[in-house]
Amino acid sequence: MQYIYFTKGTCSSQITFDIEGDVVTNVRFKGGCNGNLQGISKLVEGKTVDEIEATLKGIRCGFKSTSCPDQLATAVREAKNKANA
């Protein structure tokens, strides 16, 4: 299932990814720091929601209370919860 998440408080405005069961693939960010976000996308490819959340949740960008990685962790958890509802 493809999921679209609109970020809050980051330079990127949207994250799109596929989630099948608990596994996340095809992560794409709209906006933000292109090179870094491509790297994050490759690093999380095929990982579970729990793995992504454990690795990325709570990362901050400068003085912001969130970051693109933190928003990805939020997005994958939200997608999993909605799929299980």
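Heavy-atom basis, side chains included; hydrogens, waters and symmetry copies ignored.
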Item checked: Gly46 versus Thr25, closest heavy-atom pair with distance -> N-CG2, 4.1 Å
Check: Are the side chain of Thr48 and the backbone N or O of Asp22 linked by a donor-acceptor pair below 3.5 Å?
Finding: no
Check: Hey, does the side chain of Gln71 reach the backbone of Lys8 with a donor-acceptor pair shorter than 3.5 angstrom?
Finding: yes
Note to self: Is there a side-chain contact between Val24 and Tyr3 in this structure, where contact means two heavy atoms from C-beta onward sitting under 4.5 Å apart?
What the structure shows: no
Next item on the list: Working to the nearest 0.5 Å, report the span between CD of Gln2 and OG1 of Thr16.
Entry: 5.5 Å
Notebook entry, point to check: Roughly how far, to the nearest 0.5 Å, is the CD1 atom of Ile15 from the CD atom of Glu78?
Noted result: 10.5 Å
Item checked: 4.5 Å side-chain heavy-atom contact, Val44 and Val76 -> no
Checklist line | Arg77 side chain reached by Asp50 side chain, heavy atoms, under 4.5 Å | finding: yes
Checklist line | Smallest separation among heavy atoms of Ser67 and Ile59, with atom names | finding: OG-O, 2.8 Å
Check: Between Ile40 and Val27, is any pair of side-chain heavy atoms under 4.5 Å apart?
Finding: no
Notebook entry, point to check: Is the number of heavy atoms from other residues, nucleotides or ligands under 6.0 Å of Lys80 NZ greater than 12?
Noted result: yes
Note to self: Counting neighbours of NZ on Lys42 that are heavy atoms of other residues, nucleotides or ligands and sit closer than 6.0 Å, is the number greater than 12?
What the structure shows: no
Note to self: Measuring from atom OG of Ser12 to atom CG of Asn36, what distance do you get when rounded to the nearest 0.5 angstrom?
What the structure shows: 11.5 Å
Checklist line | NZ (Lys30) with more than 12 external heavy atoms under 6.0 Å | finding: no
Margin query: A side-chain contact here means heavy atoms from C-beta on lying under 4.5 Å apart; do Ile52 and Lys57 qualify?
Written below: no
Notebook entry, point to check: How close do Leu37 and Gly31 get, heavy atom to heavy atom, and via which atoms?
Noted result: CD1-O, 3.4 Å
Next item on the list: Determine the minimum heavy-atom distance between Gly9 and Lys64, stating which atoms define it.
Entry: O-CD, 3.4 Å
Check: Does the side chain of Tyr5 reach to within under 4.5 Å of the side chain of Thr74, using non-hydrogen atoms?
Finding: yes
Check: Looking only at heavy atoms, what is the nearest atom pair of Met1 and Ala83, with distance?
Finding: CE-CB, 4.2 Å
Notebook entry, point to check: Is the backbone N or O of Asn26 less than 3.5 Å from a side-chain atom of Glu45, with the two atoms forming a donor-acceptor pair by type?
Noted result: yes
Next item on the list: Might you point out which heavy atoms bring Thr10 and Cys68 nearest each other, and give the distance in Å?
Entry: CG2-N, 3.7 Å
Item checked: Side-chain heavy-atom pair Gln14, Ile4 within 4.5 angstrom cut-off -> yes
